[in-house]
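Accompanying notes for the structure given below.
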Amino acid sequence: MTGEVVIGGAKNSALPLVAATLLAETGRSRLENIPNLRDINTIIRLLEGMGAEIERSDGELQISTAAVSNCQAPYELVKTMRASILVLGPLLARFGEARVSLPGGCAIGARPVNLHIRGLEQMGAEIRVEHGYIIGRAKRLKGADISFDMTTVTGTENLMMAAVLAEGTTCLHNAAREPEIIDLAVFLRKMGAVIEGEGTQTIVITGVEKLSGADCQVMPDRIEAGTFMVAAGISDGDIIIKNAPLAALGSLTAKLHEIGVEIEPLVEFHEDELLTGIPVRVKRQASGLNSLDVKTMPYPGFPTDMQAQIMTLLALARGTSVISETIFENRFMHVFELQRMGADIEVEGRTAVVRGVEKLSGAPVMASDLRASAGLILAGLAADGETVMSRVYHLDRGYSGFEHKLKALGADIKRIKE
Ligand code: EPU
């Protein structure tokens with residue numbers, strides 16, 4: 001694979017940013033660099049159902065939530081996208097009421113939302129679960145000292161969005177540190193919020209009376225960039241990623257370096273500019289791929305959203321690698337499909353032992369979730385013969401034009417059915 005690829009806006013940043021527009025009593029928000037994804041369509045439908053006015057054009061959303069009157073997130077939408085839970089905090093904060101379907105289990109794990117609910121209760125909300133819905137009420141939320149029992153990304157985002165309109169100061173301890181949380185804090189501040197400490201484990205938010213719409217630019221998607229880094233490595237490519245948020249990818253690039261895939265920044269690069277995309281060259285070393293161990297962790301550790309992709313790469317490395325998945329209890333569904341392609345992988349609990357093989361062989365495979373589908377496509381790129389992946393709709397939730405971007409880099413890939 002050779003050539004250049006441009007990374008789209010980050011799905012996991014765009015979703016909370018769209019939810020945050022619900023906090024604006026006045027004005028219109030303009031969100032740029034919005035990726036063209038199924039999950040974005042879902043959150044737009046969700047907000048429109050509440051009464052928001054949304055105009056969409058070429059990577060941009062203009063959103064006015066002044067007329068929102070229906071504080072509901074129906075099961076039909078939440079079941080297709082768990083991140084719909086992100087409307088719970090903003091609705092309670094601005095309207096003092098919310099009726100949000102409780103997300104069910106998920107292909108990668110149970111994924112409860114107890115920490116979101118507990119935090120909102122600590123801020124004074126009354127919450128009950130009835131007929132599959134989370135029903136919340138609050139007069140005005142009150143600032144609170146909240147300590148997360150485990151690191152939760154959307155939980156941190158939900159409580160940040162609740163706290164910006166609460167009375168008094170909220171302190172979130174053991175908060176998630178993902179770059180997407182910084183992107184959200186930057187936007188909330190532009191709307192008029194008072195927040196400090198985003199990107200660290202302690203976020204302090206002082207509530208204000210009212211927020212207004214604002215403009216923002218979604219950061220480039222670090223997982224999409226990481227997936228293209230692995231694609232270059234697995235296909236012995238030499239590619240340029242035009243806008244990789246390199247500073248946000250440290251744990252991945254360190255591992256790729258050890259495996260034998262070099263990432264070279266093409267401009268001066270600052271470790272603290274987590275939201276900025278820069279051009280990088282990705283090239284596999286001539287000496288081939290080395291095995292190593294990987295353990296998924298909350299940011300700044302190795303992202304669980306890159307686990308399937310790196311497993312595919314390690315399936316073709318010299319020697320044995322051990323991959324531990326510590327975030328989700330069932331995120332190894334791709335293993336069984338990779339085995340069908342000739343990979344030598346054994347799973348025990350939350351650990352996968354990957355013994356590198358010389359070649360993978362093309363086979364019909366089935367995607368089980370978003371990142372698994374990326375891992376399987378990468379396997380197909382490296383495999384002998386043809387790989388046909390079904391349930392491609394999982395891919396469309398989080399990768400925009402993935403097959404076109406790969407094709408432009410020289411991959412032999414096409415979509416045969418939606
Ligand atoms: N957890 C609880 N209780 C809670 C919340 C979380 O027990 O109230 C547990 C989860 O079950 C999980 C762990 O905490 O075991 C971490 O989950 P987290 O809440 O951080 O995940 P999330 O916020 O639901 C986001 C991303 C995921 C990504 C994870 C981990 C968004 C919209 N989603 O999910 O992205 O894998 O963080 O980094 O930001 C993807 O893009 O493919 C994807 C799944």
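One-based numbering along the sequence shown. Every number for a ligand or one of its atoms is a count from 1 in the order of the listing.
- More than 12 heavy-atom neighbours from other residues, nucleotides or ligands sit within 6.0 angstrom of CD on Glu32.
- Among the atoms of Val153, some N or O lies under 3.5 angstrom from an N or O of ligand 1.
- The part of Leu370 lying near ligand 1 is the side chain, judged by heavy-atom distances below 4.0 Å.
- Distances between N or O atoms of Ile327 and those of ligand 1 include at least one value under 3.5 Å.
- Protein heavy atom nearest atom 33 (N) of ligand 1, with residue, atom name and distance: Asn12 ND2, 3.7 Å.
- At under 3.5 Å, a nitrogen or oxygen of Thr152, whether backbone or side chain, sits near a nitrogen or oxygen of ligand 1.
- Residue Val113 has at least one heavy-atom neighbour below 4.0 Å for each of these atoms of ligand 1: 4 (C), 8 (O).
- The residue from Met297, Arg371, Met81, Arg397 that puts a heavy atom closest to atom 42 (O) of ligand 1 is Arg371.
- Here Leu115 has heavy atoms under 4.0 Å from ligand 1 in both its backbone and its side chain.
- At a 3.5 angstrom cut-off on N or O pairs, Glu178 does not count as close to ligand 1.
- Taking every non-hydrogen atom of Thr304 and a distance limit under 4.0 Å, the qualifying atoms of ligand 1 come out as 30 (C), 36 (O), 38 (O).
- Nearest-heavy-atom check against atom 9 (C) of ligand 1 across Arg82, Met150, Arg118 picks out Met150.
- When the heavy atoms of Ala10, Pro112, Gly155 are ranked by distance to atom 6 (C) of ligand 1, first place goes to Pro112.
- Heavy-atom distances between Lys11 and ligand 1 reach below 4.0 Å in at least one pair.
- At under 3.5 Å, not a single nitrogen or oxygen of Glu329, backbone or side chain, sits near a nitrogen or oxygen of ligand 1.
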